[in-house]
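Presented below is the structure to which this report refers.
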Amino acid sequence: MSVRVRFAPSPTGLLHVGALRTVLFDYLFARGRGGVNILRIEDTDRTRYNPDSEAEFVETLRWVGIDFDEGPHIGGPHAPYRQSERKEAGIYAREIQKLLDNGSAYKAFDTSEELDEMRELQQINKMATGYFGGKWRDATPAEVADAEGEGKAYVIRLKIPRDKTIVLHDLIRGRVEWDSNVIDDPVLIKADGMPTYHFAAMVDDHLMGITHILRGEEWIPSAPKHIALFEAFGWTPPIFVHCPVIVGKDGKKLSKRHGATRVLDYAAQGFMPQSLKNFIALIGWSPGEDREVLTEEELISLFDLDRLQPSPGRFDLEKLQWLSGHAIRALPTEELLDKVIDFVAFDYAREFHQAEVSEEEGGSAEMEKRMARWASLELLAARAKMDRSFALQCVTLEQERVTTLADFGEACEFFLVDQPRMDPKAVEKWFGQPHVPKLFDAIVAHCESGQDCSVAGFEQLLRTFQTENEIDKLGPIVHPTRVALTGKTFGPGLFELMNVLGPARIVARIHSAKSLIGLN
RNA sequence: GGCCCGGUCGUCUAGUGGUUAGGAUGCUGCCCUUUCAAGGCGGAGGUCGCGGGUUCAAGUCCCGUCCGGGCUACCA
């Protein structure tokens, strides 16, 4: 039987990294087995419905490079793929009738006040809370008819069999069992006629021929209800795969406190999809053989449900950063520049860098940083348009020094502006030495006299200056020059950087450096 | 409270009765070098949550225990 899996988010908000991991596994598993990957929207809760959510899912998944074979956006043999539409099509009404007819579901007319009261009583008596029958599980047809006649609202519940052992065979955790007497009767159809998750998801999984249900481990406690439901229908359940969750640094559920949770925020911060996928896949799964840096193809061919781990994993941003830097270094420079240009054209990245930043994420200081970063990124993209080969040289020189696409703006900034921002500490440290004025003059003279401005030419210039002035190390020559030209004490090789900058910019910068120390 | 899941260096992990418990990240030292990176080579970091058992032999099997997490809605 060929593999059919589904990602079934409920459209209540953003697509976060925890959910991404589940879809990633779906996708990797389906693609590696020549299977089918399905997107289904579980919009059965009208109160929490968010109309922008589905577009967010589709957009995010497209960015990350996870595609589907069937779904609301592309159709398919089991359409519709939105549960609200499936409800309108009468699918759930048809299926629930089967259960009502065979006696495994019943109508319950309890009011929410009555249910609250029941739970309160159960808590006081330290009993398990839940609906274990009430007066409606075994009500006579006459009682039900009366209540319906009075026009009372009702829900339809599943009649969980009593005195049985319900067994879950989970692919990751093995056999898990429950005494059916501790499982309460779940609502299948709400009073408004909408199905609950329990009902809609399982009915759809069966109807759509889903072979493996991949979902978060928070679903384990409701698995017995789902198994009982399949039994009530007489259907064979799919294989359950309860994936471990991703948690924050403190072992608690991932939240804003731990950094970005929205997948698109990682896109906006300049991480490339492949790095994110590589990183996320490695939480809870490993290919063995100590392999970690994997291409898309390797991920797909190596991925296997058998190697999933049961324990929750923490989200380690530093490892993502390493993977990201690694991916950037592996890219041919032409391609890398294109990615940077695309990144600057990416609407959400711009919005992210220009948006208000909440206090817990760093407040106005962080916001200023982001805006500055974005400004320098736009400068780079603009330059690339006018003079691609210049931008390419800048990117090449910074390639091994950055971890995300977003880092290129700041890294390349000194190449792009008229006058770089000077680090006052660097100025103080390196401009005071006695040979510096003479050094600056030598550089200006070299540039103005049209001498060799290749990498080797600049190297020779500075090395000659060193020997002529009997300075025992190259550092005292390189550092002041670097500060004068870039404003910083770190960056690409000086000779390479001078070569890219060219004589005109060098002369201008040396002049302003001189005026900074009162020499002009 | 009840039910369920989990527990190997800080973190991600390899490991399915016999290994000096391996790799990666992070930290750190050295090399390279004009700086910062990158790269190369090292180092520290683990009483495999704890206690019992089974066994010649236990991270691996069994029991107990502790800690962490989840669920306990007409949310998903």
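Keep in mind it's a predicted model, so treat the numbers as computed, not measured. Throughout, a chain's letter reflects where its sequence line sits, starting with A, and its residues are numbered from 1.
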| Would a line drawn from the ring center of A/F315 to the ring center of A/Y266 be shorter than 6.0 Å? | yes
| query | Do any side-chain nitrogens or oxygens of A/T44 fall under 4.0 Å of OP1 or OP2 in B/rA76? | reply | yes
| remark: Atom CD of A/E217 and atom C1' of B/rG70 are separated, to the nearest Å, by 7 Å
| What does A/T12 touch in the nucleic acid at a heavy-atom separation under 4.0 angstrom: a base, only the sugar-phosphate, or nothing? | nothing
| said: Does A/S311 reach a base, just sugar-phosphate, or nothing at all? Heavy atoms under 4.0 Å. | reply: sugar-phosphate
| Rounded to whole angstroms, how far apart are CG on A/D316 and C1' on B/rC27? | 13 Å
| Base, sugar-phosphate alone, or nothing: which one does A/W178 contact when heavy atoms must sit under 4.0 Å apart? | sugar-phosphate
| field | Length of the CG-C1' vector between A/D184 and B/rG1, whole Å | value | 16 Å
| query | If the P atom of B/rC67 is compared with that of B/rG51, how far apart are they to the nearest Å? | reply | 16 Å
| task | Would you kindly check whether a donor in the side chain of A/R401 faces an acceptor in the base of B/rC36, or vice versa, at under 3.5 angstrom? | result | yes
| Any donor-acceptor N or O pair under 3.5 Å, side chains A/N469, A/H435 | no
| query | Which one, B/rU11, B/rU72, B/rU25, comes nearest to the side chain of A/T129? | reply | B/rU72
| Mapping A/E289 and A/P195 onto RNA chain B by nearest heavy atom, which one lands closer to the 5' end? | A/E289
| request: Using a 4.0 Å heavy-atom cut-off across all strands, classify A/F495 as base, sugar-phosphate, or nothing. | output: base
| Separation of the P atoms in B/rU54 and B/rG45, to the nearest angstrom | 34 Å
| query | NA contact type, A/V402, heavy-atom cut-off 4.0 Å: base, sugar-phosphate, or nothing? | reply | nothing
| task | Examine the base of B/rU34 for any acceptor or donor lying under 3.5 Å from a partner atom in the side chain of A/R482, and report the outcome as yes or no. | result | yes
| said: Does A/R173 reach a base, just sugar-phosphate, or nothing at all? Heavy atoms under 4.0 Å. | reply: sugar-phosphate
| Rounded distance (nearest 0.5 Å) linking atom CG of A/L15 with atom CZ of A/R262 | 9.5 Å
| field | Pair A/Y106 + A/W136: ring centers closer than 6.0 Å | value | no
| query | Rounded to whole angstrom units, what separation is found between the CZ atom of A/F57 and the P atom of B/rA76? | reply | 14 Å
| What integer distance in Å separates A/F490:CZ from B/rA37:C1'? | 10 Å
| task | Please check if the distance between the ring centroids of A/W285 and A/F303 is under 6.0 Å. | result | yes
| For A/R21 and A/H479, take the nucleotide of RNA chain B holding the closest heavy atom to each; which residue's nucleotide lies nearer the 5' end? | A/R21
| task | Answer with base, sugar-phosphate or nothing: what part of the nucleic acid does A/R291 contact at a heavy-atom distance below 4.0 Å? | result | nothing
| query | Looking at A/D204 and A/R6, does any basic side-chain N land under 4.0 Å from a carboxylate oxygen? | reply | no
| query | In whole Å, what is the span from the CG atom of A/L308 to the C1' atom of B/rA14? | reply | 15 Å
| field | Integer angstrom distance from the C1' of B/rC41 to that of B/rC4 | value | 49 Å
| field | C1'-based separation of B/rC48 from B/rG22 [nearest Å] | value | 13 Å
| note | When rounded to whole Å, the NE2 to P distance for the pair A/H198 and B/rA76 reads 8 Å
| query | Tell me: CZ of A/F109 to P of B/rC74, nearest whole Å? | reply | 16 Å
| field | Any N/O donor-acceptor pair, A/E292 side-chain to B/rG23 base, under 3.5 Å | value | yes
